[in-house]
Participant: 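Have a look at the structure that comes next, please.
This one's a predicted model, so the numbers in the text were calculated from it and none came from an experiment.
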Amino acid sequence: MVLTQPTLALEDGDISISVYPATQTIELEPGHETTGTISVMNSGRLPFAFNLSVAPYQVNSETYEPNFSTSNVYTKLAEWVSFAQDSYTLEPDTAVEIEFKISVPEDAMGGGQYAAIMITSNDSANASSPLQLTSQVAAILNGRVSGEAMKPEGEIVEQKIPFFIMDKPLQISETTYNTGNVDFQVYHAMTITNFFTGEEVITPTTKNSEGIIVGSESTMVLPGTSRSHTLTWDGAPKLGIFRVKQTIMFLDEEISDEQLVIFCPLWLILGIVGLIILLIIWIILAAKRHKRKQPQVF
């Protein structure tokens with residue numbers, strides 16, 4: 001996860017720092033030590049030195065922007081991580097595997113714990129180089145401490161399928177709230193069927209021209225947070241009627257809802273409204289002419 005970019009002008013490819021895996025889930029037990037590894041890679045043209053540190057990991061609201069400064073009951077993992085060595089230098093086209101140790105206290109409560117290993121480079125690792133920069137990447141650690149206190153719970157607080165679409169892509173959305181104390185995955189999928197032909201035009205496994213699945217996606221929801229997710233049908237027609245089914249799966253629950261969606265461009269709606277208005281005016285004028293032609297009775 002790249003957090004900041006070089007602050008001075010560099011040529012493309014001069015500095016390139018990355019970490020693998022960017023996110024990993026680690027099973028933990030109270031009173032036990034666990035080890036893990038990350039790989040830091042330099043695929044650029046310049047060497048750099050970097051330092052290791054550990055920060056709490058949370059997110060800001062439903063946008064899920066990373067927050068590496070807020071500490072709470074779910075970020076104690078940042079206090080349990082240590083390194084044998086916390087500074088390195090990487091030459092171009094090289095990588096280093098870094099081992100970290102997690103020492104879980106005996107009184108650690110069961111549930112989710114979240115931290116980030118921060119890899120920070122402050123210079124180009126060349127004292128004579130005029131190129132100075134600050135670059136930072138993070139490797140997210142999702143810890144799961146075993147124990148009776150672990151409580152995986154959540155609920156769907158909102159789900160939307162629009163009924164009428166005018167000149168824009170179809171978007172269906174859901175918001176899930178994690179009421180427990182450990183993260184879980186939410187699977188969100190859509191199935192779109194032509195109302196008249198019965199043909200499935202979008203399924204959960206549908207891919208776009210770039211080979212990316214657009215019919216479904218899985219996202220993580222951290223404890224004590226809500227997260228919204230939207231699936232988009234960019235290739236929707238301007239005119240048509242489709243049956244849209246939304247499926248949401250998390251923990252042991254599966255929730256589905258389905259409804260008809262009408263696609264109709266604005267110009268057609270305005271045209272129909274205009275015809276209706278003209279028809280009403282014609283009826284009124286015809287009624288008036290008919291009334292004038294009726295013979296008067298004295």
Participant: Considering only heavy atoms from C-beta outward, does the side chain of Leu260 approach that of Phe242 to under 4.5 Å?
Facilitator: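 They are not in side-chain contact.
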Participant: Return the CD1 to CD distance between Ile213 and Glu217, rounded to the nearest 0.5 Å.
Facilitator: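 Between atom CD1 of Ile213 and atom CD of Glu217 there are 9.5 Å.
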Participant: Going from CD on Glu174 to NZ on Lys160, what distance comes out if it is rounded to the nearest 0.5 angstrom?
Facilitator: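 Reported value, rounded in 0.5 Å steps: 12.0 Å.
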Participant: Quick check on the 6.0 Å ring-centre criterion: do Phe100 and Trp80 meet it?
Facilitator: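 They do not qualify: ring centres at least 6.0 Å apart.
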Participant: Please determine whether side-chain contact (heavy atoms from CB on, under 4.5 Å) holds for the pair Thr176 and Phe184, giving the CA-CA distance in whole Å, both sets of side-chain angles, and the decisive distance to 0.1 Å.
Facilitator: CA-CA 10 Å; Thr176 309; Phe184 57 76; 3.9 Å; yes
Participant: Does the side chain of Glu106 come under 3.5 Å of the side chain of His32 through a donor N or O and an acceptor N or O?
Facilitator: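 On atom types as modelled, these side chains do not qualify, holding no pair under 3.5 Å.
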Participant: Is Ile241 reachable from Trp233 through a run of I, L, V, M, F, W or Y residues, each pair having side-chain heavy atoms under 4.5 Å apart?
Facilitator: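 No, Trp233 and Ile241 fall in different hydrophobic clusters.
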Participant: Could you verify whether a donor N or O on one side chain and an acceptor N or O on the other, from Ser218 and Gln185, lie under 3.5 Å apart?
Facilitator: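 Judged by distance alone, the side chains do not pair up.
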Participant: Do Leu231 and Tyr64 share a hydrophobic cluster (ILVMFWY, side-chain heavy atoms under 4.5 Å, transitive)?
Facilitator: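 No, Leu231 does not connect to Tyr64 through the hydrophobic network.
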Participant: A side-chain contact here means heavy atoms from C-beta on lying under 4.5 Å apart; do Met118 and Asn51 qualify?
Facilitator: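 Not in contact.
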Participant: With rounding to the nearest 0.5 Å, note down the distance linking CG in Asn67 to OG in Ser69.
Facilitator: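 Those atoms lie 4.0 Å apart.
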Participant: Taking atom OG1 of Thr193 and atom CD of Glu199, what is their separation to the nearest 0.5 Å?
Facilitator: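 Going from OG1 on Thr193 over to CD on Glu199, the span is 9.0 Å.
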Participant: Minimum heavy-atom separation for Pro21 to Ala139, with atom names?
Facilitator: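 Nearest pair, atom of Pro21 first, then Ala139: O-CB, 3.9 Å.
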Participant: Any donor-acceptor pair under 3.5 Å linking the side chain of Arg227 with the backbone of Thr219?
Facilitator: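 Not confirmed, Arg227 side chain does not pair with Thr219 backbone.
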Participant: Do the side chains of Leu141 and Tyr114 get nearer than 4.5 Å, heavy atoms only?
Facilitator: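 Side chain of Tyr114 against side chain of Leu141, heavy atoms only: no contact under 4.5 Å found.
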Participant: Are Ile161 and Met166 connected in a single hydrophobic cluster, I mean Ile/Leu/Val/Met/Phe/Trp/Tyr linked by side-chain heavy atoms less than 4.5 Å apart?
Facilitator: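 In one cluster: no.
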Participant: How about CE on Met150, more than 12 heavy atoms from neighbouring residues, nucleotides or ligands closer than 6.0 Å, or not?
Facilitator: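 Counting neighbours around CE of Met150, more than 12 heavy atoms of other residues, nucleotides or ligands fall under 6.0 Å, so yes.
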Participant: Does this structure show an ion pair linking Asp183 with Arg144, if we count only N-O contacts that are shorter than 4.0 Å?
Facilitator: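 Yes.
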Participant: Within the 4.5 Å heavy-atom criterion, are Phe163 and Val261 side-chain neighbours or not?
Facilitator: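 They are not in side-chain contact.
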Participant: Do Ile102 and Ile26 touch side chain to side chain, with heavy atoms closer than 4.5 Å?
Facilitator: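 Of all side-chain heavy-atom pairs linking Ile26 with Ile102, at least one is under 4.5 Å.
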Participant: Using modelled atom types and a 3.5 Å cut-off, is there a donor and acceptor pairing between side-chain atoms of Ser216 and backbone atoms of Pro204?
Facilitator: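 Side chain of Ser216 to backbone of Pro204: a pair is present.
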Participant: If I compare all heavy atoms of Cys264 with all of Phe164, which pair ends up nearest, and what's the gap?
Facilitator: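 That would be CB-CZ, 3.7 Å.
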Participant: Specify the closest pair of heavy atoms between Val221 and Asn178, including all atoms of both residues, with the distance to one decimal.
Facilitator: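 Taking every non-hydrogen atom into account, O-ND2, 3.0 Å.
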Participant: Which atoms form the tightest heavy-atom contact between Gly215 and Ile202, and what is the distance?
Facilitator: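 Shortest heavy-atom separation between Gly215 and Ile202 comes out as CA-CG2, 4.3 Å.
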Participant: For the residue pair Thr230 / Ser173, report whether a side-chain donor-acceptor contact shorter than 3.5 Å exists.
Facilitator: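 No, no side-chain donor-acceptor pair sits under 3.5 Å.
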Participant: Does atom CD of Gln85 have more than 12 heavy-atom neighbours, drawn from other residues, nucleotides or ligands, at distances under 6.0 Å?
Facilitator: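 Enclosed: over 12 neighbouring heavy atoms sit under 6.0 Å from CD of Gln85.
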Participant: I'd like to check the side chain to side chain donor-acceptor pair (under 3.5 Å) partners of Gln171; sequence neighbours left out, ordered by chain and number.
Facilitator: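 Residues passing side chain to side chain donor-acceptor pair (under 3.5 Å) with Gln171: Thr232.
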Participant: For Asp93 and Asn42, run side-chain contact (heavy atoms from CB on, under 4.5 Å): C-alpha distance rounded to whole Å, both residues' side-chain angles, the deciding distance at 0.1 Å, then the answer.
Facilitator: CA-CA 5 Å; Asp93 295 321; Asn42 179 0; over 6 Å; no
Participant: Could you check Ile248 against Tyr187 for side-chain contact (heavy atoms from CB on, under 4.5 Å), going step by step and ending with a plain yes or no?
Facilitator: CA-CA 6 Å; Ile248 306 164; Tyr187 174 75; over 6 Å; no
Participant: Is the closest side-chain heavy-atom distance between Pro56 and Phe68 below 4.5 Å?
Facilitator: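 When only atoms from C-beta onward are counted, Phe68 and Pro56 do not touch, as no gap falls below 4.5 Å.
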Participant: Any non-hydrogen side-chain atom of Thr225 less than 4.5 Å from a side-chain atom of Leu222?
Facilitator: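 A side-chain contact exists here, since the closest heavy-atom pair is under 4.5 Å.
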Participant: If you measure from OG on Ser82 to CD on Glu33, what distance do you get to the nearest 0.5 Å?
Facilitator: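 Rounded to the nearest 0.5 Å, the OG-CD separation comes out at 7.5 Å.
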Participant: Under a 3.5 Å distance rule, please check whether Gln113 uses its side chain to pair with a backbone N or O of Val73 as donor and acceptor.
Facilitator: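 Yes; judged by distance alone, with no hydrogens or angles, the pair exists.
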Participant: List the steps, then state whether side-chain contact (heavy atoms from CB on, under 4.5 Å) holds for Ile192 with Glu200.
Facilitator: CA-CA 6 Å; Ile192 303 176; Glu200 289 187 344; over 6 Å; no
Participant: Please check: side-chain N/O of Ser121 versus main-chain N/O of Ala49, any donor-acceptor pairing under 3.5 Å?
Facilitator: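 Yes.
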Participant: Please report the interatomic distance CD(Glu148) to CE(Met109), rounded to the nearest 0.5 Å.
Facilitator: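 Taking CD in Glu148 and CE in Met109, the distance rounds to 10.0 Å.
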Participant: Tell me, yes or no, whether the heavy-atom count around Tyr20 atom OH, taken from other residues, nucleotides or ligands under 6.0 Å, exceeds 12.
Facilitator: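 Count not over threshold, so no.
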Participant: Quick check: is Met41 connected to Phe83 through a chain of hydrophobic side chains (ILVMFWY, heavy atoms under 4.5 Å apart)?
Facilitator: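 No, no single cluster joins them.
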Participant: What are the two closest heavy atoms between Met249 and Thr247, and how far apart are they?
Facilitator: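 What the structure gives for the nearest pair is CG-CG2, 4.1 Å.
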Participant: Considering non-hydrogen atoms only, spot the tightest contact between Val182 and Pro223 and give its length.
Facilitator: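 For Val182 and Pro223, the tightest heavy-atom pair comes out as N-CB, 3.7 Å.
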Participant: With no hydrogens and no angle check, is any side-chain donor or acceptor of Asn181 less than 3.5 Å from a backbone partner on Lys151?
Facilitator: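 Confirmed, Asn181 side chain pairs with Lys151 backbone.
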Participant: List for me each residue that meets side chain to side chain donor-acceptor pair (under 3.5 Å) alongside Asn72, sequence neighbours excluded, and say none if there are none.
Facilitator: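 In terms of side chain to side chain donor-acceptor pair (under 3.5 Å), with neighbours along the sequence ignored, Asn72 is linked to Gln58.
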Participant: Among the clusters formed by ILVMFWY side chains lying less than 4.5 Å apart, do Leu170 and Ile262 turn up in the same one?
Facilitator: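 Unlinked, Leu170 and Ile262 end up in two clusters.
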Participant: Mind checking whether Val244 and Gln259 have side chains closer than 4.5 Å, heavy atoms only?
Facilitator: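 The answer is no, as the side chains (C-beta and beyond) never meet within the 4.5 Å cut-off.
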Participant: Among residues at least two apart in sequence or on other chains, which ones pass side chain to side chain donor-acceptor pair (under 3.5 Å) with Thr206?
Facilitator: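 Thr206: side chain to side chain donor-acceptor pair (under 3.5 Å) contacts with Thr203.
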Participant: Is Asn194 reaching over with its side chain to a backbone N or O of Gly198, donor-acceptor style, under 3.5 angstrom?
Facilitator: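 Absent.
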